[in-house]
Every structure is written in C-alpha cells, then in structure tokens.
Participant: 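Input: one structure, supplied below.
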Amino acid sequence: MILELDCGNSYIKWRLVPPIAALAPIDGRAVDIGQLLDQVDTSAKCGLEKCRLVSVRSDSETDAIALRVSSELGVEVLRAMPATTLGGVTNGYLEPERLGLDRWLAMVAAFSLRRRACLVFDLGTAITVDLIAIDGRHLGGFITPGIPLMRDQLFGHTRRIRYEGPAESVLSDVSPGRSTAQAVEAGCLLMVRSYIGAQLDEASARLGNAFDVYATGGDAALVSDLPGVTCIPDLVFRGLAIACP
Ligand SMILES: Nc1ncnc2c1ncn2[C@@H]1O[C@H](COP(=O)(O)OP(=O)(O)OP(=O)(O)O)[C@@H](O)[C@H]1O
Ligand SMILES: CC(C)(CO)[C@@H](O)C(=O)NCCC(=O)O
Ligand SMILES: [K+]
C-alpha cells in the first residue's frame, strides 16, 4: 500500500493505493493530522510501503505532518517539491517556487492525459484556473475565493446572514432565494458557474479551439455539467504519483 496525502487549506485528503491496480483505493479526508492518523491507522498497519505528500500549508506545518506520519506509521515520506518542468509541463510563474503545488500537480496530471492544450479548474477553499498550451507551457492562471470562503465572508461581515448547514436541495438550485440559505447558496453557486463559464469562453483566445477542460477539488461537481468539462476527482493525486514515483 502507498499512502497519498494532499494537505489543502481546510482538509487533508488521503488515500491508500493498493499494489494491485485492479483494487480500488480507500480514501478519506481529515481536518488535522491527529484525525488523519486515527482514520488510516488500522488499515495502514498492514504493509505500508511509502507515503507521498503534497502540501500548500506552511513549511513548519508540513514538516510536522511529515514527521508524525514517518514516526507513527514508520514509513518514508516523499514530498512533492516546486519545479520548473515536469512531465512536459513548464511552470509559467516568474518565481516558480511560489506556484501552489496542488495547482502544479493537477496541471502535470492533466497534461499527461492527452498532451494537448488544457484548462484546469480546482474548486476547493480557493478556486484556481490554470492554462497550459499545447507545447506544455503553463501560461499562468487565476485565483479567487471558493464557495466556503464566499459564505464565510458573508457570515463574518453581517449580523443577520445566519443559517445552519444548507440542505442538499439548496446546493444545486439557482432559483431566486426565498430564505437566507437559498439566497446565499444560489447566489454563490451562480457566481462560480458564471465565472467558470467566462473562463471557458475566454480560453480559446489563448489556447485555440482544441483544448481539454478538467475540473477537480471538493466542489468540482458544481460545474461538471458545463460544456466540455471532465471531472477528475483525483487529479492532484495523479500528479503526485508522477512527481514522487
Ligand atoms: N466530504 C466532504 N467534506 C467536506 N467538504 C466536502 C466534502 N465533499 C465535498 N466537499 C466540498 O469540498 C469543498 C472544499 O474543497 P477541497 O476539499 O477541495 O479543499 P480544501 O482542502 O479545503 O482546499 P484546497 O485543496 O483548495 O486548499 C467544500 O466547499 C465542500 O463543499
Ligand atoms: C491557491 C491555493 C490556496 C489553492 O489551493 C494554493 O495553490 C496556494 O496556496 N498557492 C500559492 C499561491 C499561488 O499559487 O500563487
Ligand atoms: K486544491
């Protein structure tokens, strides 16, 4: 088994990849390293080979996670590191080490699929959009707040926008809200879908007409029905396996 960890800003997403490709990985998400170790502990004890880790957390937080994994699970931890090129993709940042490693790995995995121009969306705490030309050049990208941050800003800066976790039905409905929950959820959803739609419309000016579109991240399903969008939930993990073979 290989333990793979994607340490995002809100959650540590993990999965255990069995040595036989035919077997499905076991996966989960944890709010912190303690919860992560509780979740993987029992299943992981049986033959962990190594751990691959990507993190967008601070260096000290990432070091602490890696240390606890290696000491408590007794495995070597391979960490994805910033790079200027990988898998045919060239990092487009002026300071390549500042590009979020989750974005980088998602791009490397996306380009590896068909080696064509692509547009990559990652919808998590933040929403990121990255453009890759047909020759693998990263043309740069965009960062905006994701749905959790939009909600939090409204909660944090108003007195009366208050509601308990919205019902599932509210989350995919964009009709005008007749409750606070509906008004906020539909509004944020419309913002995200319009933004992604605008990115799709504008991408052909930079990428030409033949480009692939991939969406990943916890909220990718909210845009998966837009034209041409392919959802790949494990895009970052796929890139992690390329970066840390
Ligand atoms: N089981 C789940 N638990 C919590 N959130 C979930 C779950 N499934 C999907 N989500 C969605 O995932 C979103 C968070 O995205 P994600 O899990 O990709 O990221 P993250 O670790 O917070 O952030 P990032 O990787 O962008 O730093 C939430 O807005 C939520 O709607
Ligand atoms: C943008 C996020 C937060 C998305 O997870 C992450 O990729 C990150 O912290 N990036 C560093 C800044 C940058 O990519 O320019
Ligand atoms: K992410």
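Atoms within a ligand are numbered from 1 in the order they appear, just like the ligands themselves. These values consider heavy atoms only, across backbone and side chains, with no hydrogens, waters or symmetry-generated copies. It should be emphasised that the depicted structure is a prediction, and the values quoted were computed from it without experimental measurement.
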Participant: Can E76 and K50 be counted as an ion pair, charged N to O under 4.0 angstrom?
Facilitator: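 Looking at K50 together with E76, the answer is no, because their closest N to O distance does not fall below 4.0 Å.
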Participant: Closest non-hydrogen protein atom to atom 8 (N) of ligand 1, residue and atom name please, with distance?
Facilitator: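 Residue, atom and distance for the closest contact: R29 NH2, 3.7 Å.
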Participant: Which residue owns the protein heavy atom closest to atom 30 (C) of ligand 1, what's the atom, and how far is it?
Facilitator: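 That would be D219 OD1, 3.4 Å.
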Participant: For atom CZ of R137, is the number of surrounding heavy atoms from other residues, nucleotides or ligands below 6.0 Å larger than 12?
Facilitator: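 Count not over threshold, so no.
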Participant: State the atom name: nearest N, O or S atom of D122 to the K ion (ligand 3).
Facilitator: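 So the atom name we want here is OD2.
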Participant: In terms of atom number and element, which parts of ligand 2 are under 4.0 angstrom from non-hydrogen atoms of R98?
Facilitator: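 Per the distance check, 11 (C), 12 (C), 13 (C), 14 (O), 15 (O).
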Participant: Just to confirm my output: which protein heavy-atom neighbour is closest to atom 15 (O) of ligand 1, and how far is it?
Facilitator: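 So the nearest neighbour among protein heavy atoms is G124 CA, 3.2 Å.
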Participant: Kindly confirm or rule out an N or O of N9 lying under 3.5 angstrom from an N or O of ligand 2.
Facilitator: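 No; the residue has no nitrogen or oxygen that sits under 3.5 Å from a nitrogen or oxygen of the ligand.
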Participant: D102 to ligand 2: N or O pair under 3.5 Å?
Facilitator: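 Min N/O separation from ligand 2 is below 3.5 Å for D102.
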Participant: Which residue holds the protein heavy atom closest to atom 10 (N) of ligand 1, what is that atom called, and what is the gap in Å?
Facilitator: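 Nearest protein contact, heavy atoms only, for atom 10 (N) of ligand 1 is G218 O, 3.7 Å.
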Participant: Any side-chain heavy atom of C51 sitting closer than 4.5 Å to one from L5?
Facilitator: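 They are in contact (side-chain heavy atoms under 4.5 Å apart), so the answer is yes.
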Participant: Does ligand 1 have an atom under 4.0 Å from some heavy atom of I147?
Facilitator: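 Contact absent.
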Participant: Does the distance from a Lys or Arg side-chain N to an Asp or Glu carboxylate O, for R68 and D32, drop under 4.0 Å?
Facilitator: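 So R68 does not pair with D32 through a salt bridge.
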Participant: Measure the distance from atom 15 (O) of ligand 2 to every protein heavy atom, then report the residue, atom name and distance (to 0.1 Å) of the closest one.
Facilitator: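 Its nearest protein heavy-atom neighbour is Y93 OH, 2.6 Å.
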Participant: Where is the nearest protein heavy atom to atom 19 (O) of ligand 1: which residue, which atom, and how far?
Facilitator: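 Minimum-distance protein heavy atom for atom 19 (O) of ligand 1 reads K13 NZ, 3.3 Å.
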Participant: Could you identify the single nearest non-hydrogen protein atom to atom 9 (O) of ligand 2 and state the distance to 0.1 Å?
Facilitator: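 Nearest protein contact, heavy atoms only, for atom 9 (O) of ligand 2 is V56 CB, 4.1 Å.
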Participant: What distance do R15 atom CZ and L3 atom CG have between them, rounded to the nearest 0.5 Å?
Facilitator: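 Between R15 CZ and L3 CG, I get 11.0 Å after rounding to 0.5 Å.
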Participant: Would you mind finding which of G100, G8, G141 brings a heavy atom closest to atom 8 (C) of ligand 2?
Facilitator: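 Considering heavy atoms of G100, G8, G141, the nearest to atom 8 (C) of ligand 2 sits in G100.
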Participant: Heavy-atom contacts with L99 under 4.0 Å: which atoms of ligand 2 show up? List them by number with element.
Facilitator: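 Those atoms are 14 (O).
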Participant: Is the ring pair Y163/F155 parallel, tilted or perpendicular, if the boundaries are 30 and 60 degrees?
Facilitator: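 Aromatic pair Y163/F155 classed perpendicular.
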Participant: Show me which atoms of ligand 2 lie under 4.0 Å from any heavy atom of R103.
Facilitator: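 Checking each atom against R103, I get 7 (O), 13 (C), 14 (O), 15 (O).
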Participant: Under 4.0 Å between a side-chain nitrogen and a carboxylate oxygen: does that hold for K13 and D234?
Facilitator: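 A salt bridge is absent here (no side-chain N lies under 4.0 Å from a carboxylate O).
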Participant: Could you tell me whether R151 and ligand 1 have an N or O pair separated by under 3.5 Å?
Facilitator: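 No, there is no polar N/O contact under 3.5 Å.
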Participant: Counting non-hydrogen protein atoms only, what is the nearest one to atom 1 (C) of ligand 2? Give residue, atom name and distance.
Facilitator: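 Among all protein heavy atoms, the one nearest atom 1 (C) of ligand 2 is T128 CG2, 3.7 Å.
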Participant: Calculate, to the nearest 0.5 Å, the distance between atoms CG and CD1 belonging to L36 and I33 respectively.
Facilitator: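 Between L36 CG and I33 CD1, I get 4.5 Å after rounding to 0.5 Å.
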Participant: A quick test of your reading: do over 12 heavy atoms of other residues, nucleotides or ligands sit less than 6.0 Å from CG of D201?
Facilitator: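 More than 12 heavy atoms, drawn from other residues, nucleotides or ligands, come within 6.0 Å of this atom.
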Participant: If you measure from CG on L240 to CG on L105, what distance do you get to the nearest 0.5 Å?
Facilitator: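 Output value for this atom pair is 6.0 Å.
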Participant: Report the residue from T128, V213, D219 that forms a side-chain contact (heavy atoms from CB on, under 4.5 Å) with F121.
Facilitator: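 Going through T128, V213, D219 one by one, the side-chain contact (heavy atoms from CB on, under 4.5 Å) with F121 is satisfied by V213 alone.
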Participant: Using a strict 4.0 Å cut-off to heavy atoms of G217, name the atoms of ligand 1 that fall inside it.
Facilitator: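 Counting atoms of ligand 1 from 1, those under 4.0 Å from G217 are 18 (O).
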Participant: Which residue holds the protein heavy atom closest to atom 4 (C) of ligand 1, what is that atom called, and what is the gap in Å?
Facilitator: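 Protein heavy atom with the smallest distance to atom 4 (C) of ligand 1: Y11 OH, 3.3 Å.
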Participant: Under 3.4 Å from the K ion (ligand 3) - does any N, O or S atom of D102 fall there?
Facilitator: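 True for D102.
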Participant: Just wondering, are more than 12 heavy atoms of other shown residues or ligands nearer than 6.0 Å to CZ in R206?
Facilitator: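 No, the 6.0 Å shell around CZ holds no more than 12 heavy atoms from other groups.
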Participant: On a heavy-atom basis, which atom in G124 and which in P148 lie closest, and how many Å separate them?
Facilitator: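 For G124 and P148, the tightest heavy-atom pair comes out as O-CD, 3.8 Å.
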Participant: Which option, T216, T125, I12, N9, owns the non-hydrogen atom nearest atom 26 (O) of ligand 1?
Facilitator: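 Checking each option, the heavy atom nearest atom 26 (O) of ligand 1 is found in T125.
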Participant: For ligand 1, which atoms sit closer than 4.0 Å to a heavy atom of P148?
Facilitator: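 The atoms of ligand 1 under 4.0 Å from a heavy atom of P148 are 28 (C), 29 (O).
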